[in-house]
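Heads up, the thing below is written out as structure tokens.
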Amino acid sequence: MLTTLPRTSLGFFPTPLHPLPNLSARLGGPALWVKRDDQTGLATGGNKTRKLEFLVADALQQRADTLITVGAPQSNHARQTAAAAAKSGLKAALVLRGSAPPDRTGNILLDDLVGADIFWAGTRPLNEAAAEVAAELSARGQRPYLIPLGGSNPIGAVGYATAMLEFVEQIKTIGTTFDAIVFATSSGGTQSGLALGAKLSGYTGRILGISVDHQADQLVPRLVELANATAQHSGEAITFSAQDFEVNDHYLGGGYAVMGKPEREAIQLCAQTEGLLVDPVYTGRALAGLIDLTRVGEFKARQNVLFWHTGGTPALFAYAAQFAAQST
Ligand SMILES: Cc1ncc(COP(=O)(O)O)c(C=O)c1O
């Protein structure tokens, strides 16, 4: 039972759900709505707050005093984990890929502000570097709790099963049904959790993950495994197969975190029609996919389509020079 799992309150729920009339009109496609998980709290919000409510509860139960996690230099997950640690009276150790960039902006600025210790992994694999940091902290008498990339394990993914239940309650109240939910998918916790929540709540629309960095044939088996493990962790007798997951990998562009023309157009269009910010790495790429699928007629004018905003906006500031260069 999802409701009986240990959870600590870190964010603001339910997140707002509202239409995007100007963007819908500009695209001339379906009625677009947005679910505002960029407004969940924890140093500007994002999808990790939902996962961290369950992960931090587990860390506290295990009497940990330090959260350790891994990610890219502009990791939203690392920033939100650091903010969750600050709010919960814990320390945070972030193991980030590569070496320290010359300017500490975007998420790295926020990591610093919330008091995280950052360790740069250099060329070492992230998990190896994180295990070393964990061993060092333990040797100093600290009690580290290791959170995997993206918070995507069965404990974290439960956060998106409960998110789907929240969404289904909201749409019952407003009396709208949705044909599809579109969002950015990467480490899989969001999509696996949504799939479990859909089976538990009876949501039958499409759940379409726009892949940010993986080929669909690599990601889908991971989603199946994580969703099955999450169902088991939640005590739900539900099983998943590849047919339960729809991943579109046509929008990988120049690769992870490379902002191309589609992402830039999506960011500017959304900002200039709705005053709503999406980011260059995740939500801008997913929205670019949604815009393209609308233009090619995959979504019809009579349909309701939800863009599930998963956050990431602090990363915008790390791309300031690229926006400036591309506008000249
Ligand atoms: C803003 C944003 N959106 C989407 C995702 C993808 O979520 P998941 O890793 O659960 O697939 C991430 C993951 O890091 C993210 O930071």
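Every heavy atom of this structure was used, including side-chain atoms; hydrogens, water molecules and symmetry mates were not. Every value quoted in this text rests on a predicted model; they were computed, and no experiment measured them. By convention here, the first residue in the shown sequence is residue 1. Both ligands and their constituent atoms are indexed starting at 1 by order of listing.
- Heavy-atom proximity to Thr185, at under 4.0 Å, picks out these atoms of ligand 1: 11 (O).
- Between Asp213 and Thr185 the shortest heavy-atom distance is OD1-O, 4.3 Å.
- Taking the six-membered ring where tryptophan is involved, the planes of Phe240 and Phe245 are tilted, since the angle between them lies from 30° to 60°.
- Atom NZ of Lys87 has 12 or fewer neighbouring heavy atoms from other residues, nucleotides or ligands inside a 6.0 Å radius.
- Taking only non-hydrogen atoms, the option from Lys48, Lys51, His77 nearest to atom 10 (O) of ligand 1 is Lys51.
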Working note: Arg222 + Glu225, criterion salt bridge (Lys or Arg N to Asp or Glu O under 4.0 Å); need CA distance, chi angles, decisive distance, verdict.
CA-CA 5 Å; Arg222 284 191 236 164; Glu225 195 185 328; over 6 Å; no
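- With a 4.0 Å cut-off on non-hydrogen atoms, Val212 does not touch ligand 1 at all.
- In the vicinity of Gly311, heavy-atom distances shorter than 4.0 Å reach the ligand 1 atoms 1 (C).
- Less than 4.0 angstrom separates some heavy atom of Thr190 from each of these atoms of ligand 1: 7 (O), 8 (P), 10 (O).
- More than 12 heavy atoms of other residues, nucleotides or ligands sit less than 6.0 Å from atom CZ of Arg206.
- Close approach to Ala184 involves these atoms of ligand 1, each under 4.0 Å from a residue heavy atom: 4 (C), 6 (C).
- Some N or O of Thr310 is nearer than 3.5 Å to an N or O of ligand 1, by distance alone.
- Annotation: cation-pi geometry not satisfied between Lys35 and Phe183 (NZ/CZ under 6.0 angstrom from ring centroid, within 45° of ring axis).
- Listed by number with element, the atoms of ligand 1 under 4.0 Å from a non-hydrogen atom of Gly189 are 10 (O).
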